[in-house]
Asker: 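Sharing a structure here in structure tokens format.
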Amino acid sequence: MQPLSVFGKSIVHSKGGGACAGMRCGMVFTEIAVSVNKKKVLDFLNCYEDSSLYEDIAEEYEAIREKVFAVIRPRAAAAIGEERAWVLLTLGDGVSELIKALFDAGDYMGGMLADAIADQSLFSADRSVAEQLRTVCADRKIGVVRRYDAPGNMPMEKQAEILARTEGERLLGVGITSGLMFDPVKSMGYILELTDDPTIYRAEHDCSRCNAQNCGMRTCAYAE
Amino acid sequence: MSITNEISEFLQKGRAKNVKTLVQQALDEGMDPKVILNEGLLSGMMIIGTKFRNNEVFVPEVLVAARAMNMGLSVLEPKLVEVGNEPVGKAVVGTVKGDLHDIGKNLVVMMLKGAGLEVYDIGVDADAEAFINKAEEVGADVIGMSALLTTTMPNMQTVIDLLKEKGLRDKYIVMVGGAPVNESFAEQIGADYYTSDAASAAEVAKQAILAKKNA
Ligand code: B12
């Protein structure tokens, strides 16, 4: 049966019966809001307001952002089990092709901008999916205690488990490399530890529990 | 100011259109394309590379300079072919099998080109055969490998092992890099050079090629 999807609700593909039987359930999200923060993108490229290049690059940012937004196709799949949920999201491979084309043409600034905008879009899609999952969990009267990302707080091998559980290959066209990276590169996956307590919801990445010490995206110190 | 100096200055400021126009003007004035390349474009890129290594400029300055160089080269390249200009050397660069992180690799490609090398980018998720076959095909001097994951770093060793197996190890200068890679890992797998950034990679590659050619 083909997966259906509705904004914010994101319905069910089920193996057995018609609808989602009991707790076990899979779903696809296709309406994923994405927004990017210009300052974050330019900061990531070490381009600050006092730079003589700032104005030109800020202008270029707008043009490249439009190009990126025209080719990204944010979609996600999730599978909810008894104790865990597996989530996979991707922007599709159109954006990788755009970035490669810019670099190949010698437009290195355009390529870097497109890459950084795509990364920020992926993180934004991640927050958007986490919000939609909040509704799904509330409906089921379950909560989320903790999120696991590889290799921060779970091994990379788990990326293969995420792909299998979410049926990401069939539903999203995502593959996995021998190094356990999802392909397309602008994809991410994680596992959620569930609880019966619906008041708890911690499905966003938590830097304080991630041991990727030198990550450029870190928002607070590692606390474990 | 000489026209090559002007090209170099505009290139350092990332003014691609000016660079392109001046390269065309220099050609129209009958200047040797090799002089335009070496004293204009490559000299400008070398200055930017040095400034970057000394923290005097940052990534954006290098990106726009390299883009300007590329614009200049688009005009100059057909003339360089006509006069039979030989590049400093040839390099095959890619991200190793299993790994799709490509930004670092792309910047290494950019800086190697900026140092006057002919670069063959074999992309991401490249297996040992892909590196070696390309290197053999184009007669490369350098094989450059990038890896960003601890799970894919061992694939650098696989390339080196296959080079040895084929009796080709000494034919190539093997360079490795990427965030989790370091000097001692490079030594452990038997690579020739590790550098932590693309500007140094270009400088080291150039020196190593010259040293090997003069040996
Ligand atoms: C941007 C980024 C991404 C982007 C991809 C960008 C891209 N297209 O390449 C996105 C967001 C998609 C991504 C995803 C992931 N990433 Co990532 N990523 C990064 C990050 C933040 C920066 C990498 C980067 O582009 N840096 C900028 C470039 C310019 O730097 P660089 O690559 O180091 O290259 C420079 C030098 O190293 C050197 N160099 C590079 N190559 C070579 C080659 C030679 C020959 C030489 C001489 C020099 C050289 O020169 C370059 C230029 O100066 C790093 C963190 C970090 N600190 O590096 C993590 C990092 C590499 N990622 C990591 C991981 C684990 C992932 C994920 C698996 C995480 C997850 N659970 O989702 C996912 C994979 C998603 C998937 N598809 O499966 C880990 C790897 C950990 C490890 N040790 O194994 C890192 C280190 C983050 C961390 N600390 O956890 N990632």
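Within every chain, numbering begins at 1; the chains are lettered A, B, ... in the order of the sequence lines, protein sequences first and strands thereafter. Just the heavy atoms: all of them, side chains too, but no hydrogens, waters or symmetry mates, feed the values below.
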Asker: Heavy-atom pairs under 4.5 Å with chain B: which of Asp115(A), Leu113(A), Asp56(A) has the most?
Answerer: Asp115(A)
Asker: Rounded to the nearest 0.5 Å, what separates atom CG in Asn155(B) from atom OG1 in Thr177(A)?
Answerer: 9.0 Å
Asker: Sequence neighbours excluded and cut-off under 3.5 Å, please list the side-chain donor-acceptor pairs for residues 116-126 of chain B, or say none.
Answerer:
{"from": "Glu118(B)", "atom 1": "OE2", "to": "Tyr120(B)", "atom 2": "OH", "distance (Å)": "2.5"}
{"from": "Asp121(B)", "atom 1": "OD1", "to": "Lys105(B)", "atom 2": "NZ", "distance (Å)": "3.1"}
{"from": "Asp121(B)", "atom 1": "OD1", "to": "Gly123(B)", "atom 2": "N", "distance (Å)": "2.8"}
{"from": "Asp121(B)", "atom 1": "OD2", "to": "Lys105(B)", "atom 2": "NZ", "distance (Å)": "3.1"}
{"from": "Asp125(B)", "atom 1": "OD1", "to": "Gly98(B)", "atom 2": "N", "distance (Å)": "2.6"}

Asker: Can you tell me how far apart CE (Met181(A)) and OG1 (Thr95(B)) are? Round to the nearest 0.5 Å.
Answerer: 9.0 Å
Asker: Considering residues, nucleotides and ligands other than Lys164(B), do more than 12 of their heavy atoms fall under 6.0 Å from its NZ?
Answerer: yes
Asker: Under 4.5 Å from any heavy atom of chain A, what part of Lys13(B) do you find: side chain, backbone, both or neither?
Answerer: backbone
Asker: Might you confirm whether atom CD of Glu169(A) has over 12 heavy atoms from other residues, nucleotides or ligands at distances under 6.0 Å?
Answerer: no
Asker: Can you confirm whether Val185(A) sits close enough to His101(B) that some side-chain heavy atom of one is under 4.5 Å from a side-chain heavy atom of the other?
Answerer: no
Asker: Against chain B, label Glu157(A) side chain, backbone, both or neither, depending on which of its atoms sit under 4.5 Å from a heavy atom there.
Answerer: neither
Asker: If every non-hydrogen atom of Arg67(B) is compared with every non-hydrogen atom of Gly110(A), which pair is closest and at what distance?
Answerer: NH1-N, 3.9 Å
Asker: In this structure, are over 12 heavy atoms from other groups packed under 6.0 Å from Met188(A) atom CE?
Answerer: yes
Asker: Taking CD in Glu59(A) as the centre, count heavy atoms belonging to other residues, nucleotides or ligands within less than 6.0 Å. Is the count above 12?
Answerer: no
Asker: Can you confirm whether Lys90(B) is buried at NZ, in the sense that more than 12 heavy atoms of other residues, nucleotides or ligands lie under 6.0 Å from that atom?
Answerer: yes
Asker: Would you indicate whether Arg134(A), at its atom CZ, is surrounded by more than 12 heavy atoms from other residues, nucleotides or ligands within a distance under 6.0 Å?
Answerer: yes
Asker: For Ser52(A), is it the side chain, the backbone, both or neither that has a heavy atom under 4.5 Å from a heavy atom of chain B?
Answerer: neither
Asker: How many angstroms lie between CG in Asn46(A) and CD in Glu61(B), if you round to the nearest 0.5 Å?
Answerer: 9.0 Å
Asker: Taking 4.5 Å as the heavy-atom cut-off, does anything in residues 92-109 of chain A contact chain B, and if so which residues?
Answerer: Phe103(A), Ala105(A), Gly106(A), Asp107(A), Tyr108(A), Met109(A)
Asker: Evaluate the criterion side chain to side chain contact (heavy atoms under 4.5 Å, CB included) for residue pair Thr150(B) and Met156(A); output intermediate values, then yes/no.
Answerer: CA-CA 10 Å; Thr150(B) 21; Met156(A) 283 294 285; over 6 Å; no
Asker: Return yes when atom CD of Gln24(B) has more than 12 non-hydrogen atoms of other residues, nucleotides or ligands closer than 6.0 Å, and no otherwise.
Answerer: yes
Asker: If you measure from CG on Leu53(A) to CG on Leu63(B), what distance do you get to the nearest 0.5 Å?
Answerer: 9.5 Å
Asker: If you count heavy atoms of other groups shown closer than 6.0 angstrom to CD of Glu136(B), is the number above 12?
Answerer: yes
